[in-house]
Amino acid sequence: LMYRYISFLLFSALIFSCNSDKSADTTTKEDAYKKKGQIADMIRMPVSAVDPVDTVNVARFDFEEKTFNFGTAREGKFVEHTYKFTNSGTIPLIIQDATATCGCTVPEWPKEPIPPGGAGEINVKFNTMKKTENQSKPITITANTYPSKTVIRIEGYVIKVY
């Protein structure tokens, strides 16, 4: 009998503790970003879960070249290239991240917003150590564009050094 009484009390406590007051917090994620003073209040992301996709009012990359072929290089050398672009979109371009598929390729990108019509550069360094023959390294850029990911490449042939 005591076991049933304790079980009933625990079950009742569990039921009442799960009751939530839905009117307590009506702060949206966007409001939270604005309160924190983050960069999110400067831009309008082109995609959300509830709104239709806006492909007009977005930032856009316009690269001079998306693929750079360095020709041939000897193993162990560093190959470096600067990808130049302009923001041909209607809002400031903000690059969140730029990543490569391995640690041999390191991108550096502007951390400040690029205004519409403004120019920027992404510098990529490729270490050819232990990378021989044909090489093609993608660099994926995540930004407030549509689609949100853009891929540029550095490629060429690496001659093995014995």
Side-chain angles (χ1 to χ4, degrees), residues 20 22 25-162:
S20 64
K22 294 186 193 268
D25 186 19
T26 58
T27 304
T28 64
K29 189 180 268 188
E30 185 176 322
D31 291 337
Y33 283 135
K34 287 180 181 177
K35 285 179 186 174
K36 291 180 183 177
Q38 294 182 355
I39 203 164
D41 63 349
M42 288 178 45
I43 62 169
R44 200 175 113 300
M45 293 306 281
V47 179
S48 77
V50 293
D51 297 325
V53 176
D54 182 355
T55 59
V56 177
N57 298 307
V58 294
R60 283 193 174 84
F61 281 113
D62 188 10
F63 280 95
E64 289 182 5
E65 61 183 341
K66 282 189 164 184
T67 301
F68 171 71
N69 188 316
F70 59 82
T72 58
R74 295 178 63 82
E75 180 185 9
K77 298 290 181 181
F78 282 87
V79 176
E80 190 171 344
H81 184 68
T82 301
Y83 297 83
K84 297 180 180 187
F85 65 87
T86 56
N87 175 7
S88 60
T90 58
I91 64 172
L93 172 64
I94 299 174
I95 300 174
Q96 177 185 351
D97 196 17
T99 57
T101 54
C102 73
C104 63
T105 308
V106 180
E108 293 179 5
W109 65 94
K111 306 301 188 256
E112 67 282 346
I114 313 276
E121 297 178 344
I122 296 175
N123 191 45
V124 176
K125 292 179 185 173
F126 170 53
N127 182 355
T128 63
M129 182 60 75
K130 298 185 181 179
K131 305 290 182 198
T132 58
E133 301 185 359
N134 287 319
Q135 298 293 317
S136 180
K137 301 297 179 186
I139 298 94
T140 303
I141 305 159
T142 305
N144 62 326
T145 56
Y146 182 79
S148 63
K149 299 200 184 288
T150 303
V151 177
I152 57 177
R153 291 185 173 278
I154 189 165
E155 58 186 34
Y157 187 85
V158 179
I159 300 169
K160 183 167 182 65
V161 176
Y162 294 96

Can you list everything that forms a ring-ring contact (aromatic ring centres under 6.0 Å, His included) with Phe126? Sequence neighbours excluded, please. Phe70
Listed by chain and number, what are the side chain to side chain donor-acceptor pair (under 3.5 Å) partners of Lys131, not counting sequence neighbours? none
Glu80: which residues meet the side chain to side chain donor-acceptor pair (under 3.5 Å) condition with it, sequence neighbours left out? Asn123
Can you check whether Ile141 reaches Phe85 side chain to side chain, under 4.5 Å on heavy atoms? no
With a 4.5 Å limit on heavy-atom distance, are the side chains of Val124 and Ile122 in contact? yes
Taking only residues two or more places apart in sequence or in another chain, which ones pass side-chain contact (heavy atoms from CB on, under 4.5 Å) with [X]?
X: Pro147; result: none
X: Thr90; result: Asn57
X: Pro115; result: none
X: Phe78; result: Asn127

Any disulfide (SG to SG under 2.5 Å) involving residues 123-162? Give me the pairs, sequence neighbours left out, ordered by first then second residue. none
So the disulfide (SG to SG under 2.5 Å) pairs with at least one residue in residues 107-162 (sequence neighbours excluded) are none
Shortest non-hydrogen pair, Pro92 vs Pro116, comes out as N-CD, 3.9 Å
Would you say the side-chain atoms of Asn144 pair up with the backbone N or O of Ile94, donor to acceptor, closer than 3.5 Å? yes
Step-by-step side-chain contact (heavy atoms from CB on, under 4.5 Å) determination, Ile139 to Thr99: CA-CA 6 Å; Ile139 298 94; Thr99 57; over 6 Å; no
If you round to the nearest 0.5 Å, how far is CZ of Phe68 from OG1 of Thr82? 9.5 Å
Nearest 0.5 Å please: distance from the CD1 atom of Ile114 over to the CG atom of Leu93. 6.0 Å
Any pair counted as side-chain hydrogen bond (donor to acceptor under 3.5 Å, both in side chains), so long as it reaches residues 58-79, sequence neighbours left out: Glu65-His81
Distance-only donor-acceptor pairs under 3.5 Å for side chains of residues 102-110, two or more places apart:
none

Under 3.5 Å donor-acceptor pairs involving side-chain atoms of residues 148-162, not counting sequence neighbours:
residue	atom	partner	partner atom	Å
Lys149	NZ	Thr142	OG1	3.1
Arg153	NH1	Ser136	OG	3.1
Glu155	OE1	Ser136	OG	3.4

